[in-house]
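One structure below.
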Amino acid sequence: MFRQWISAIVVVVVLASLARAFVGQEQGFNIGAVNMIQWAGGVGSAGGGHNVMFGHEQTAVGGWPSASGTQKETGVFTQVSSATGGPASVVQSAKAAGNQQHATGAWSTPTSSQGQQMGVEFSGAIVKPNGAGAVTATQSFVGGQVQTLLTPRTLSTASQVLGVTEYASVVGAPCSNPSVSNMIKVDLGQNQVVTAPYLPH
């Protein structure tokens, strides 16, 4: 038995004129997943999992004196578990989210700003009560973000990459009662602001 939900938010705003040029972009992703196995034992096996791949990109391009910007983020999320032999219980929970935004103007005192955030939180628990058999559970996420802003006076770039794996395995025996519980949380973030002196067209 498992549940999953995935949402992505992509917002693009581009405003430009000959006298004033502005680029604003924002995009993000949010993945939440729960994977559960309740195995009463007996002949056979049980398994469950999720596989998610995502990617989105935004680009805004304009002529002089307009600003240009591009940003992109991609990622792969995997969650899988299996149980064989005697009774077993597996619960996996995962959250992965990211967002990036930038804005720039090419008038007066041009200012460019960029921000990126990305984080992962995994937790897992295995219980193998009184019985032979094996249980494994793995969760992983690999993702990256990159963004670039360009105006007639400034250039700014930012990028970050995150890779996380959580793994648990139990091999039980008669009269044994092993259990595994683990959790990991990782957060990344970066911001930058660039201001260029005013130059008449």
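Quick caveat: nothing in here was measured; it's all calculated off a predicted structure.
Pairing each heavy atom of A60 with each of V23, the nearest pair is CB-CG1, 4.0 Å. Closest of all the heavy-atom pairs between F77 and A33 is CE2-CB, 3.8 Å. The nearest pair of heavy atoms linking N182 to A168 is ND2-CB, 3.8 Å. Scanning both residues, D187 and G119, for their nearest heavy atoms gives OD1-CA, 3.6 Å. Taking each heavy atom of A83 and A88 in turn, the nearest pair found is CB-CB, 4.0 Å. Here the shortest heavy-atom pairing between W39 and G85 reads NE1-O, 2.9 Å.
E121 CD to M183 CE: the interatomic distance, rounded to the nearest 0.5 Å, is 7.0 Å. To the nearest 0.5 Å, the span separating OG1 on T148 from CG on L155 amounts to 7.0 Å. Rounding to the nearest 0.5 angstrom, the gap separating the CG atom in L162 from the CE atom in M118 is 5.0 Å. Atom CZ of residue F122 and atom NZ of residue K185 lie 13.5 Å apart, to the nearest 0.5 angstrom. Note: Q79 CD to S140 OG = 9.5 Å, rounded to the nearest 0.5 Å. In this structure, S113 OG and L149 CG are separated by 7.5 Å, a value rounded to the nearest 0.5 Å.
Each of Q58, Q116, Q145 was evaluated against E73; a single residue qualifies, Q145, per the side chain to side chain donor-acceptor pair (under 3.5 Å) test. Among Q147, H102, Q114, Q100, the one residue that satisfies the side chain to side chain donor-acceptor pair (under 3.5 Å) test with Q25 is H102. Under the side chain to side chain donor-acceptor pair (under 3.5 Å) test applied with N35, the options H50, Q139, Q92 reduce to a single match, Q92.
Under a hydrophobic clustering in which Ile, Leu, Val, Met, Phe, Trp and Tyr are joined whenever their side-chain heavy atoms come within less than 4.5 Å, directly or via other members, V120 and L188 fall into the same cluster.
With hydrogens and angles ignored, the 3.5 Å screen pairs no side-chain donor or acceptor of E166 with any backbone N or O of A137. Between the K128 side chain and the V180 main chain, no donor and acceptor come within less than 3.5 Å of each other.
Side-chain contact between N99 and Q101 is present, with heavy atoms from C-beta onward closer than 4.5 Å. Contact of the V90 side chain with the V135 side chain is registered, since non-hydrogen atoms from C-beta on lie closer than 4.5 Å. A heavy-atom distance below 4.5 Å is found between the side chains of I184 and V164.
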- Could you walk me through whether T136 and S169 pass the side chain to side chain donor-acceptor pair (under 3.5 Å) check? CA-CA 4 Å; T136 62; S169 178; 6.0 Å; no
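In this pair, F54 and F141 present their aromatic rings parallel. The plane angle is below 30°, not in the 30 to 60° band.
Using a 3.5 Å distance cut-off with no hydrogens or angles, the side chains of S45 and T84 do not pair a donor with an acceptor.
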